[in-house]
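Comments concern the structure below.
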Protein chains: 2
Amino acid sequence: MKKKVIKNKLVELNPNVSVDCVIFGFDFEKLNVLLIDRGTTLGIPLALPGNLIYNSENLDEAASRVLEELAGLKNIYLEQIGAFGDPLRITKITDQEWLKAMRAEPSARVITVAYFSLVKMSDYVPQASSFAKNASWVSVQEISELAFDHLEILNTAKESLKQKIRRQPIGFNLLPEKFTLSQLHRLYESILEKPLDKRNFRRKIQKLDIIESLKEKQKGVPHKPSQLFKFNKEKYELLTKIGFDNFGF
Amino acid sequence: MKKKVIKNKLVELNPNVSVDCVIFGFDFEKLNVLLIDRGTTLGIPLALPGNLIYNSENLDEAASRVLEELAGLKNIYLEQIGAFGDPLRITKITDQEWLKAMRAEPSARVITVAYFSLVKMSDYVPQASSFAKNASWVSVQEISELAFDHLEILNTAKESLKQKIRRQPIGFNLLPEKFTLSQLHRLYESILEKPLDKRNFRRKIQKLDIIESLKEKQKGVPHKPSQLFKFNKEKYELLTKIGFDNFGF
DNA sequence: ATTTGAAAGTGTATTAAGGACACAAAGTAA
DNA sequence: TTACTTTGTGTCCTTAATACACTTTCAAAT
């Protein structure tokens, strides 16, 4: 990373612009988001991971950097969901770097560019980094309060994800290489927040012809073991090339 | 408007954040965009209308303000399409206000938050304001070059509009009160950039039950006069309340 | 060894929506 | 009166959406 090496004006933090990431993970039951506990005392609401951007990077780069710096995540599915910028975001007074930047330029206020990202939960284990001590996966259903305007951002992210998955099969980014149809089924139900008929779901997914069954089955489960599948990226890219963008959910 | 009245830090321009608007209009033939000619000499590419934001306003307010200040348009359909922020946007060196702001804070760069808006073309006649001398409607098909990263913004706006109109009947914002089904039909074809079968289109639109036929007909046309319709806002709001968001295009 | 519990896996019939397609009717202008 | 232009309409066929129930296969407990 070049950002801290070169010392000139352009690599300074921009005190006015931050990125925040809604990092989604799926535990085979429900959808989760990675949140940060910034509080030393009780009762301080959790926040989305985010940071100010450098003047030397573009927005997507900044979001990737935040993902990597804060959670060690690389090459992650990322999608911008929009900019948020009430003057009231000025209440972000507990953020150290923001405070520092504010001292230099007190009239400014922050706008944030929000992203959502999809990660395999196994790729991020909260003990892995120093940051991670304060980070944890929280079920989206249980979130009723967040710091700053982060609840609004989360809700927008949920809606974006819903719309996106109705059009592109991005759900595979939340699953391991090998997965079962039931896991995929629950994933779609979690994101869309509605039940989907099992047989109809399986038929529809299989007709798309973007997953292929492996010769392997689940092991050690106290019930009929499930067939394992993997995502067929080549066939998916064929679909997108012909402009296919409707999965019918 | 409070912005220029109160004289304190918070009403200053923020040198780092601008809004740009992709203002769509429909002339019953094709889709157009309102562009500004910033050039005194020939060969300077056209630009989207936009400006820096004030620290005292939120992003949506800033976009509304730009629409009103630059084109006298009020109460216009507006939707954010995202933030754009290459460090290269620093090339925006011809904008006076930006230059001024840069003198105060030279290390900064601009990110822009882009919006698209839908207006009835009759609501904006380019002779109406001083700004307007340099503004004009340009067919989207004819645009192959724009200032800064505005071509990228325009393309994103076109894509957003396409997606949005497939889900919500926002096209009415581009039409006068009274319109014909053929006009609506051409509007959808212009936005979606593909032909739609006339009979199938009419059937689909009428089944939605969000337009109602007036007792009036077109006059003075050298062919069979068309039935006039108007948009039924109440019925549309009923639809959205029950979560309907798929128009099947 | 047998039973129990739990999830996997499978097919059909009905209804709704999408897509292709052609010709008569109503006005103006020449 | 004729020519021209756009409106307005219905049917058939194919594809997609939805609703619905029972058997299979494994582990664990008895």
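The figures here come from the full heavy-atom set of this structure, side chains too, leaving out hydrogens, waters and symmetry mates. All chains are named by letter (A, B, ...) in the order of the sequence lines, taking the proteins before the strands, and each is independently numbered beginning at 1. All values derive from a computational prediction rather than experimental measurement.
Look at A:Lys162 and B:Asp245 and you find no salt bridge, because none of the NZ, NE, NH1 or NH2 atoms lies under 4.0 Å from a carboxylate O. In this structure, B:Lys120 does not pair ionically with B:Glu177, as no charged nitrogen and carboxylate oxygen lie closer than 4.0 Å.
Not one side-chain nitrogen or oxygen of B:Lys204 sits closer than 4.0 Å to the OP1 or OP2 atom of C:dA17. A sub-4.0 Å separation between OP1 or OP2 of D:dT7 and a side-chain N or O of B:Ser182 is present. Distances shown here put every side-chain N or O of B:Arg202 at or beyond 4.0 Å from the OP1 or OP2 atom of D:dT6. Phosphate proximity of C:dA22 to B:Lys198: absent, as no side-chain N or O sits under 4.0 Å from OP1 or OP2. Put simply, B:Ser226 has a side-chain N or O that comes within less than 4.0 Å of OP1 or OP2 on D:dG8.
A:Lys207 comes within 4.0 angstrom of the backbone, heavy atoms only, and of no base.
Rounding to whole angstrom units, CD of residue A:Gln218 and C1' of D:dC26 are separated by 10 Å. Atom C1' of nucleotide D:dC26 and atom CG of A:Leu228 are separated by 15 Å, given to the nearest angstrom. At whole-Å resolution of the value, CD in B:Gln227 and P in C:dA25 are 18 Å apart. The nearest whole Å value for the distance from the CG atom in B:Leu208 to the C1' atom in C:dA16 is 14 Å. B:Leu184 has its CG atom 18 Å from the P atom of D:dT6, to the nearest Å. To the nearest angstrom, P of D:dG8 lies 13 Å from CZ of B:Phe201. One can place NE2 of B:His223 at 23 Å from P of D:dT2, the figure rounded to the nearest angstrom. Going from atom NZ of B:Lys194 over to atom C1' of C:dG19 covers 12 Å, rounded to whole Å.
With the nearest nucleotide of DNA chain C identified for both B:Lys224 and B:Phe249, B:Phe249 has the one nearer the 5' end. Map A:Gly248 and A:Asp197 each onto its nearest nucleotide of DNA chain D; the residue landing nearer the 5' end is A:Gly248. Between B:Asn200 and B:Thr180, it is B:Thr180 whose nearest contact on DNA chain D lies nearer the 5' terminus.
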request  = Please lay out, stage by stage, how B:Phe229 and B:Gln183 fare under the test side-chain contact (heavy atoms from CB on, under 4.5 Å).
outcome  = CA-CA 10 Å; B:Phe229 290 82; B:Gln183 290 168 346; over 6 Å; no
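Checked against C:dA17, C:dA8, D:dG10, the side chain of A:Arg186 finds its nearest nucleotide in C:dA8. Of the candidates C:dT28, C:dT10, C:dG27, C:dT10 carries the atom nearest the A:Arg199 side chain, counting heavy atoms from C-beta on.
Although no hydrogens or angles enter the test, the distance criterion places a donor-acceptor pair under 3.5 Å between the side chain of A:Asn232 and the main chain of A:Lys235.
A cation-pi contact, defined as under 6.0 Å to the ring centre and within 45° of the axis, links A:Lys204 to A:Phe249.
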